[in-house]
Structures are given as C-alpha cells and as structure tokens.
Amino acid sequence: MRLPSNRPAARRGARAHVACVLLAAAALAGCSAAPPLRWVQLPIDPSAPRSAPGLPAQASEPARGGAVPIHLMPVRLPEVLDRDELLVPQGPAGLAPLSGWRWAEPLREAVPRLLRDDLARALGESRVWTSPLPAGLGRVQPLRVEGVLMQAEPQARGVRLRARWSLGDATPDRAPRGGVFDLRVPSRTEGPFAGEPAQALAQAHRDALAALAAALADEVGR
C-alpha cells in the first residue's frame with residue numbers, strides 16, 4: 001500500500017518561500033535605490049553680489065573706433081569634458097563624478113556660447129562674431145581658443161583653467177600671436193563647495209570662463 005505523497009505541497013511551499021525572498025529583495029533594493037538625478041547648468045551671467053577675481057566688466061562697451069572685428073573660431077575642449085557628469089578630484093590624479101548630478105547642457109556647446117557672450121560684453125557686440133559670418137563684414141581677426149584643462153581643484157577650492165589661444169592679424173602676411181592662459185578662480189563658497197556642491201561647482205566653472213574672456217579681451221584690445 002502506497003502512502004500519499006506530500007511532494008506537490010512541498011514544492012508549493014518552496015515556491016512561496018522563493019517568492020517571499022524575491023519580494024523582500026526587491027523592497028530592499030527600492031529602499032537603497034540611488035536618488036533621482038538632478039541637473040545643473042553654467043549660469044548665463046557670471047555677475048554676483050560678491051565679486052570674483054578676474055571677471056570682466058558687466059556693462060557692454062562700444063566697439064573701439066576702427067577696430068577690426070574678431071572671428072571666434074570653434075572652441076576646442078579636452079575630451080574629458082565631453083560627458084554629462086560633473087567631475088571632481090579623487091586622489092592625487094583621479095576624477096570621480098559628483099553623485100546625483102549631471103550637466104543639463106554639454107559643455108562643448110555651453111562654453112563657446114558663453115565665451116562669445118563675455119567677449120562681446122567686454123569688446124562690444126559689433127566686434128565679436130562666430131560662424132557663419134554675415135555678408136559684407138570685410139576683414140576679420142580669427143581668434144582660436146583650445147581648452148587644455150578645466151576642472152575643480154583638489155578639495156574643491158576653486159577651478160583651474162588652462163587654455164591656448166592665438167589671434168590672427170587682419171593682414172594675411174603677418175603671423176598670429178598667442179600663448180597660454182593658466183587661470184585659477186577660487187570658489188565663492190566659504191568651504192569646499194559647501195551647501196549645494198553642484199551649484200557652487202557650476203558657478204566656479206562659469207567664473208573661470210569669464211576670467212578667460214577677460215584675459216582674451218585684454219589681449220585683443222592691445
């Protein structure tokens with residue numbers, strides 16, 4: 001005589017146990033999920049109640065009489081900036097993304113536009129142009145800018161910006177002049193990007209870009 005088997009009931013119990021374990025794991029994963037992403041952009045205007053070193057004058061100046069227009073060529077940025085993450089120093093030579101934050105606009109698009117705006121603010125709107133140039137503009141001086149470095153400093157005390165530049169002469173037979181700007185703009189926060197780190201980091205990048213524009217405007221005006 002064979003006794004009734006309890007294997008189906010055992011299998012049902014095992015499946016119920018597995019389902020409970022999976023539900024518990026899903027609940028724990030939901031509790032430990034990363035916070036939703038937030039987005040930050042480079043401020044349009046670098047001006048602020050507290051002054052930052054190296055910023056150009058905010059009021060537009062008229063173009064100097066007889067000055068040759070400047071043609072700002074496409075700005076080149078280091079490949080490390082061609083990403084969505086906000087990068088901060090980690091260790092002696094490492095970089096790490098700032099958790100939970102992303103750039104709302106690629107820096108390869110924001111930096112050239114804001115650099116042009118800052119130059120126009122310093123030199124005059126009619127002095128600074130980007131491609132395509134309007135018909136009948138005449139002679140121009142090509143200005144080339146290549147970003148070599150643009151990143152937060154160790155302990156996030158500011159932003160370091162290094163850029164090569166060259167300014168062509170309106171007369172073709174004259175060689176361009178240029179050089180390298182190595183700028184450091186301290187953070188406006190009291191501590192290392194205290195409070196809202198992404199906001200402070202974006203503002204420090206913006207101030208460094210404005211400082212570069214001021215240095216370029218000084219060279220162009222010579």
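Here, residue 1 is the first one in the sequence, and each next residue gets the next number.
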Mark yes or no for whether R206, through its side chain, and P43, through its backbone, hold a donor-acceptor pair below 3.5 Å. yes

Is it true that a side-chain atom of Q41 and a backbone atom of A104 form a donor plus acceptor pair closer than 3.5 Å? no

My understanding is that only residues two or more places apart in sequence, or in another chain, count here; which of them pass side chain to side chain donor-acceptor pair (under 3.5 Å) with [X]?
X: D182; value: R160, R162
X: R113; value: E105
X: E109; value: none

Non-hydrogen side-chain atoms of [X] and [Y] separated by less than 4.5 Å:
X: P97; Y: R83; result: no
X: L72; Y: W129; result: no
X: V220; Y: L123; result: yes
X: P78; Y: M150; result: no
X: L107; Y: L77; result: yes
X: L143; Y: L119; result: yes
X: V148; Y: R164; result: yes
X: V80; Y: L95; result: yes

Minimum heavy-atom distance [X]-[Y], with the two atoms named:
X: P69; Y: L137; answer: CG-CD1, 4.1 Å
X: L42; Y: A202; answer: CD2-O, 3.6 Å
X: P89; Y: E153; answer: CG-O, 3.2 Å

Should the pair F181 and W165 be assigned to parallel (<30°), tilted (30 to 60°) or perpendicular (>60°) ring geometry? parallel

Using the side-chain contact (heavy atoms from CB on, under 4.5 Å) rule, take L149 and L161 through it: C-alpha gap first, then chi angles, then the decisive distance, then the call. CA-CA 5 Å; L149 177 71; L161 189 153; over 6 Å; no

Would you indicate whether R76, at its atom CZ, is surrounded by more than 12 heavy atoms from other residues, nucleotides or ligands within a distance under 6.0 Å? no

Enclosure of I44 CD1 (heavy-atom neighbours >12, cutoff 6.0 Å): no

Evaluate side-chain contact (heavy atoms from CB on, under 4.5 Å) for S166 paired with E146, printing each intermediate quantity in order. CA-CA 9 Å; S166 68; E146 178 187 2; over 6 Å; no

Same cluster or not: are L209 and L87 linked, directly or through other Ile, Leu, Val, Met, Phe, Trp or Tyr residues, by side-chain heavy atoms under 4.5 angstrom apart? yes

Are V140 and I70 linked, directly or through other ILVMFWY residues, by side chains that come within less than 4.5 angstrom of each other? no

Apply side-chain contact (heavy atoms from CB on, under 4.5 Å) to the pair L81 and R108, showing each step before the final yes or no. CA-CA 8 Å; L81 296 181; R108 65 179 179 275; over 6 Å; no

Audit row: E85, R102, side-chain contact (heavy atoms from CB on, under 4.5 Å) steps and yes/no: CA-CA 5 Å; E85 294 89 353; R102 296 290 187 272; 3.9 Å; yes

I would like to know whether D207 and R184 meet salt bridge (Lys or Arg N to Asp or Glu O under 4.0 Å); could you show each step before the answer? CA-CA 10 Å; D207 289 346; R184 178 194 177 273; over 6 Å; no

Could you walk me through whether E125 and R116 pass the salt bridge (Lys or Arg N to Asp or Glu O under 4.0 Å) test, one step at a time? CA-CA 9 Å; E125 284 288 338; R116 184 267 163 201; 2.9 Å; yes

